[in-house]
Protein chains: 2
Amino acid sequence: MFSKACEYGIRAVIYIWSKSTHGVKLGVKDICKGIDAPEFFTAKILQSLAKQDLVSSTKGPNGGFYISKEQENMRLLALVEAIDGDKLFRGCGLGLKHCSEKHPCPIHDDYKNIRENLAKLLSEKTIKELAKEVTSGKATLTTIGV
Amino acid sequence: MFSKACEYGIRAVIYIWSKSTHGVKLGVKDICKGIDAPEFFTAKILQSLAKQDLVSSTKGPNGGFYISKEQENMRLLALVEAIDGDKLFRGCGLGLKHCSEKHPCPIHDDYKNIRENLAKLLSEKTIKELAKEVTSGKATLTTIGV
DNA sequence: GAAATTAAAGACTGTTTTATCCTTTATTTT
DNA sequence: AAAATAAAGGATAAAACAGTCTTTAATTTC
């Protein structure tokens, strides 16, 4: 469903949220340790997100990634689109180039429905909410205990 | 969502269904022309499906691919699983190795819901139904008119 | 039986995704 | 100013995915 990059990206951003409530910055190493993701690969994703202004970053000692005031209400949908683009939400389920209401593929309506449910879910969820689930212990971002 | 191989495979099987109601066999070339898919690549997919007994085939003149009596009630789910495996239906939305009810990722429940809807859709749809939509002109498998 | 036809099988190429490493740049601390 | 730190950026490598081509095997037609 989501690409690896997107999975790491989502986990990373939720992690940053869950740890840096009061302006504390987190380094890539910390983050990747916390979410059990490959360091340099995840760094690239975060850099891309920073470029797109979905997260903030500063270099130098005590620098790292953090979430600014303006980024506080980020939705999951924005994150997914920033990393994976909109291919998950646009385009035909069977790969037809010109699938439309008028010339639908055989699963057009059902697929559309699934997709809209997914888009709805992603657009409703804020990172803040998700982070809260982690800090409260209800959810986790890494393999624990087993 | 689905891989290219899966898209071509689904289209191919629906096409076979829609054209070979009375035991007529269709060659790969015909099929690929009919669904606007790359020939050799799609051939591989059909061969794999034949090996897995989801479609039937015979070699030689007037040979080709067809659907046997036993394959008549094939569900879309079986097709997708045969080509893409179950990765779409199993595994965590955020890629966690040990995500479970007990140790869920932050989107566990919602993702599970989406996934179950998808699985339900795919397990309910028969290829026969989908083919009927094509033969009746309600749906299409290729780019038309534009 | 020989020729023609068609799927099956395997080798090969190209692209995208995933991942790692190394260098550069910006920032802070001393 | 120098040293240390951390993100940014570039280069490379491995794996998965997508697609093509060639040869082989089975079947039918003649």
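Any value given below was found using the heavy atoms of this structure, including those in side chains, with hydrogens, waters and symmetry copies removed.
- Atoms CG and CZ, on D84(A) and F89(A) in that order, are 8.5 Å from each other to the nearest 0.5 Å.
- Following chains of ILVMFWY side-chain contacts shorter than 4.5 Å, one cannot reach L96(A) starting from F2(B), and the two form parts of different hydrophobic clusters.
- Going from atom CG of L130(B) over to atom CD1 of I10(B) covers 9.0 Å, rounded to the nearest 0.5 Å.
- F65(B) has its CZ atom 14 Å from the C1' atom of dT5(C), to the nearest Å.
- Using a 4.0 Å cut-off, no side-chain N or O of S57(A) falls inside it from OP1 or OP2 of dA6(D).
- Rounding to whole angstrom units, NZ of residue K51(B) and P of dA26(D) are separated by 14 Å.
- The structure places SG of C105(A) at 9.0 Å from CG of D110(A), a figure rounded to the nearest 0.5 Å.
- No engagement by I31(B) is indicated, since no non-hydrogen atom pair under 4.0 Å with the nucleic acid exists.
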Subject >> Base versus backbone protein contacts along nucleotides 21-29 of chain C [heavy-atom cut-off under 4.0 Å; B, S, -] >> reply: BB--BBBBS
Under 3.5 Å between N/O atoms: give me all the protein pairs with nucleotides 12-17 of chain C, atom names plus distance.
none

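- Residue-to-nucleotide contacts include a donor-acceptor pair under 3.5 Å from the side chain of Q47(B) to the base of dA8(C).
- Ion pairing between E7(A) and K4(A) holds under the 4.0 Å rule for side-chain N and carboxylate O.
- Separating the CD1 atom of I45(A) from the P atom of dT20(C) is a distance of 11 Å, rounded to the nearest angstrom.
- For R11(A) and dT18(C), the CZ to P distance is 13 Å, given to the nearest whole Å.
- What separates CD of Q52(A) from C1' of dA8(D) is a distance of 15 Å, to the nearest Å.
- The pair E81(B)-R75(B) does not meet the salt-bridge criterion, since no charged nitrogen lies less than 4.0 angstrom from a carboxylate oxygen.
- A distance-only check finds no donor-acceptor pair linking the side chain of R115(A) to the backbone of G93(A) [under 3.5 Å].
- For the atom pair NE2 of H98(B) and OG1 of T142(A), the computed distance is 9.5 Å after rounding to the nearest 0.5 Å.
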Acceptor/donor pairs from residues 24-49 of chain B side chains to any protein atom, 3.5 angstrom cut, sequence neighbours excluded:
residue	atom	partner	partner atom	Å
T42(B)	OG1	P38(B)	O	2.6
S48(B)	OG	Q52(B)	NE2	3.1

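- We find that CD of E39(A) is positioned 12 Å from C1' of dA7(D), with the value rounded to whole Å.
- Taking atom CG on L26(B) and atom C1' on dA7(C), their separation rounds to 13 Å, with Å as the unit.
- Here the P atom of nucleotide dA18(D) and the OH atom of Y8(B) are 8 Å apart, to the nearest Å.
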